Amino acid sequence: MNSIEAKYFEKKENNNVRCNLCPHLCLIEPGGYGKCNVRKNVEGTLMAETYERASSVGMDPVRKKPLYHFYPNKMVLSVGSIGCNLSCAFCQNHGISQILPGEGKMMPQRSVESIIAEAKGINNNLGIAFTYNEPTVWYEFMYDIARKAKQENLKTMMISNGFINNKPLEDLLPYMDAFNIDLKAFNNEFYKRLSGGSLPPVLESMKLIHQHRKHLEVTNLIIPGENDDPAEFENMVHWIRTELGKNTVLHISRYFPVYRMNVPPTPKETIYEFKEIAQKYLDNVYLGNI
Ligand code: SF4
């Protein structure tokens, strides 16, 4: 199968389509792609071009996702594709996330059944993690795999930027056990300028995941001069405690120069200082890349 009709789109005048999967709500002309570069308007129908296309399939420790409070000593079959609905200047996976239109069709083909069979065939495997690139833009394939995985008693995990609309997330929640959401900053201007997105939908997604009692861990990458204001960080951890609970797991991660971002690495002292601030509000705070 080359591609599949996408979920969550509506037909508009002149064969245009509106994609309702993520908050960008792209209006796409015939022959054009959405911002994620993997969803294409083909003669008035939105097609998901990366359905059954995988860039990576491999075993990882669950801890590495990172998920520290969700079967951390188990291994998980990790799968990913290409494309992303954000465009972070500091993306660590820009080789697969920031792609050109049409590149999705060039990847190796995998079926739902083959991924499920691979996951079941591995000893001590917890289940399947959707990771590497942003799984939201791979929604249809992720959804089909996750549904089947639940029937086979496999655990499912989504490692995501949380930039997804409520309806598709609500439809996915019954089939997803755990999430790590990358909360990039508690600052909408940061999201607009450095990630090409916005903050409120990410907060909405986290609240929805929490309300559905799914396991949720949060990652925050601290970038010098961009999101390292202690007061802003304190507002963020206060929000997490208030809206998601003090048991929410927070991973504070140290930045290193990558992709289009070349400010120096985050000083270790900043990370330790932020850990102390976070621990005033949250019970489970960890440091990454230290
Ligand atoms: S998923 Fe892709 S096409 Fe759809 S609204 Fe988001 S960026 Fe646009």
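As the structure is a computational prediction, the values presented were derived from the model and not from experiment. Each ligand, and each atom within it, is numbered from 1 in the order the structure gives.
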So which heavy atom in the protein is nearest atom 1 (S) of ligand 1, and how far is it from that ligand atom? Arg39 CD, 3.6 Å
State whether Cys19 contributes an N/O/S atom found under 2.8 Å from atom 4 (Fe) of ligand 1. yes
Do the side chains of Glu170 and Lys167 get close enough for a salt bridge, i.e. N-O under 4.0 angstrom? no
For Leu21, the ligand 1 atoms whose distance to one of its heavy atoms is below 4.0 Å: 1 (S)
State plainly whether one hydrophobic cluster holds both Val17 and Val38, where clusters connect Ile, Leu, Val, Met, Phe, Trp and Tyr through side-chain heavy atoms under 4.5 angstrom apart. no
At less than 4.0 angstrom from any non-hydrogen atom of Gly34, what atoms of ligand 1 do you find? 3 (S)
Could you tell me if Asn124 and Lys74 have a donor-acceptor pair between their side chains, going purely by distance under 3.5 Å? yes
Does this structure show an ion pair linking Lys7 with Asp171, if we count only N-O contacts that are shorter than 4.0 Å? no
Begin with the C-alpha distance, continue with both residues' side-chain angles, and end with the deciding distance and a verdict on side-chain hydrogen bond (donor to acceptor under 3.5 Å, both in side chains) for Asn161 and Asn85. CA-CA 9 Å; Asn161 60 29; Asn85 51 357; 3.0 Å; yes
Closest non-hydrogen protein atom to atom 8 (Fe) of ligand 1, residue and atom name please, with distance? Cys26 SG, 2.3 Å
Ion pair Glu113/Lys148, N-O distance below 4.0 Å: no
If I take every N, O or S atom of Cys22, is at least one of them less than 2.8 Å from atom 8 (Fe) of ligand 1? no
For atom 7 (S) of ligand 1, the closest protein heavy atom turns out to be Cys36 N, 3.5 Å
Would you call Lys65-Glu217 a salt bridge at under 4.0 Å N-O? no
Taking 4.0 angstrom as the limit and counting only heavy atoms of Lys35, give me the atoms of ligand 1 inside it, by number and element. 7 (S), 8 (Fe)
At under 4.0 Å between heavy atoms, is it the side chain or the backbone of Thr136 that contacts ligand 1, or both, or neither? neither
